Amino acid sequence: MDLEALPNAALPNRIGLVAGTGDFPVLITRAARAKGIGVVAFCLKDHENGELRDTAESFHTVSLSNISAMLELARGAGLGHFVLAGRIPHEVLLNPLLLLDGRIRRILGNLANRKADTVLGAFTRELESEGFSVLDSTLFVTSLMPAPGFLTRGPAPSEDQMRDFEFGYRTAKGIAALDIGQAVAVKQGVVIAVEALEGTDRMIERAGELAGPGVTIVKVSKPAQTMKFDVPIIGLRTVENLVRIGATGLAVTARKSLFFDQAEALALAERHGITLYAREESPAPGTTPPPP
């Protein structure tokens with residue numbers, strides 16, 4: 001769903017934002033406000049984003065163990081639409097206090113697991129069953145989703161580098177299909193590290209410890225990626241971590257990944273000879289390398 005493709009009448013005047021950690025909720029809030037859309041933010045207790053408090057129209061701290069209170073606040077604010085953005089901290093997913101709330105027990109009771117995708121999917125269905133519309137989390141930031149091709153300028157990647165990109169991409173897609181994580185680190189055709197609950201930054205750090213310089217990172221969308229939540233994200237912090245371990249490349253899924261702080265991140269990658277590549281789901285033969 002593209003914001004520009006929607007008629008003005010279809011845009012809500014105000015949205016509710018269920019905000020996890022990271023920069024994504026703040027970026028959404030700023031982009032929505034630029035379109036004249038107010039944002040009522042709901043942040044997880046003990047994981048509040050101070051910048052979001054200053055940016056949103058109004059700000060509430062809520063607990064996942066009591067989402068009924070959040071829905072009451074949303075109705076009181078006249079909300080009809082929600083956006084989910086940001087990462088769920090692992091300690092939230094492992095918190096046994098989630099089961100204290102009757103609604104949460106009902107939502108989680110029949111789930112096969114508590115993977116982020118599973119929990120967020122159930123939470124989305126619960127919001128929709130209560131009459132709310134859950135919008136794509138990328139609705140206001142589609143310009144940050146890279147098109148296919150090499151994003152950095154410089155010499156074309158070597159054949160070995162491209163083999164690691166392709167090997168890593170296929171491997172990451174397999175991991176993502178199992179909803180274990182969305183990223184892998186590879187080197188010379190060997191899987192060095194797989195992302196799980198710790199997140200991409202920690203996985204990159206671990207890959208550097210295990211394999212040293214020359215690692216390639218690949219982060220992908222899920223095979224059946226919903227754009228309502230858990231969209232793969234990279235940014236300046238990601239590239240800084242790549243520099244720290246001496247990585248040689250990073251690939252993401254084109255048009256289904258978000259790339260924050262692009263100008264700074266690309267400049268840093270180019271200074272350190274790191275290739276950033278947005279790969280099509282099914283790339284056309286003869287992908288054009290970056291200009292020299």
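Residue numbers start at 1 and run along the sequence shown. Note that the structure is predicted; figures quoted are calculated from it, not measured.
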*Would you call Arg75-Glu130 a salt bridge at under 4.0 Å N-O?*
yes
*asked:* Whether the side chain of Thr248 engages the backbone of Ile274 through a donor-acceptor N/O pair (distance < 3.5 Å, no angle test) should be reported.
replied: no
*Minimum heavy-atom distance Ile217-Ala185, with the two atoms named*: CD1-CB, 3.5 Å
*Any donor-acceptor N or O pair under 3.5 Å, side chains Thr253, Lys219*: no
*Considering only NZ, NE, NH1 and NH2 on the basic side and carboxylate oxygens on the acidic side, decide whether Arg33 and Glu57 come within less than 4.0 Å.*
no
*Which heavy atom of Thr216 sits nearest a heavy atom of Asp164, and at what distance?*
OG1-CB, 4.0 Å
_Candidates Thr275, Leu250, Leu268 - the one meeting side chain to side chain contact (heavy atoms under 4.5 Å, CB included) with Thr152_ = Thr275
*When you measure from the side chain of Arg14 to the backbone N and O of Ala77, does any donor-acceptor pair fall under 3.5 Å?*
yes
_OG on Ser133 to CD1 on Ile15, rounded to 0.5 Å_ = 11.0 Å
*asked:* If the test is side chain to side chain donor-acceptor pair (under 3.5 Å), which one of Glu205, Glu195, Arg237 qualifies with Thr200?
replied: Glu195
*For Ala265 and Phe259, work out which heavy atoms get closest and say how close.*
CB-CE1, 3.6 Å
*Does a side-chain heavy-atom distance below 4.5 Å link Arg153 with Glu270?*
yes
_Shared hydrophobic cluster for Val191 and Leu210 (ILVMFWY, side-chain gaps under 4.5 Å)_ = no
*For the pair Tyr277 and Phe165, name the ring-plane relationship: parallel under 30°, tilted 30 to 60°, perpendicular over 60°.*
tilted
*Return yes if some donor-acceptor pair links the side-chain N/O of Glu280 with the main-chain N/O of Pro148 below 3.5 Å, else return no.*
no
*Out of curiosity, Arg53 CZ to Thr29 OG1, how far, rounded to the nearest 0.5 Å?*
13.0 Å
*Is the shortest heavy-atom distance from the side chain of Leu79 to the side chain of Phe42 under 4.5 Å?*
yes
*Considering all heavy atoms of both residues, which atom of Pro157 and which atom of Phe150 are nearest to each other, and what is their separation?*
CG-CE2, 3.5 Å
*Specify the closest pair of heavy atoms between Phe24 and Ala85, including all atoms of both residues, with the distance to one decimal.*
CD2-CB, 3.8 Å
*More than 12 heavy atoms from other groups under 6.0 Å of CG on Asn13*: no
_Take a 6.0 Å sphere around CD of Glu128 and say whether it holds more than 12 heavy atoms from other residues, nucleotides or ligands._
yes
*Using atom types as modelled and distance alone, determine if a side-chain donor or acceptor of Arg279 lies under 3.5 Å from a backbone N or O of Glu281.*
yes
*Kindly work out whether a path of hydrophobic side-chain contacts (I/L/V/M/F/W/Y, heavy atoms less than 4.5 Å apart) joins Ile233 to Leu144.*
yes
*What are the two closest non-hydrogen atoms of Val252 and Ser257, and how far apart are they?*
CB-OG, 3.7 Å
_Expected output: side-chain Arg206 to main-chain Val194 donor-acceptor under 3.5 Å_ = yes
_Heavy-atom donor-acceptor pair, Gln225 side chain to Val220 backbone, under 3.5 Å_ = no
*asked:* Looking at Lys173 and Ser221, would you say the former's side chain and the latter's main chain have a donor-acceptor pair under 3.5 Å?
replied: yes
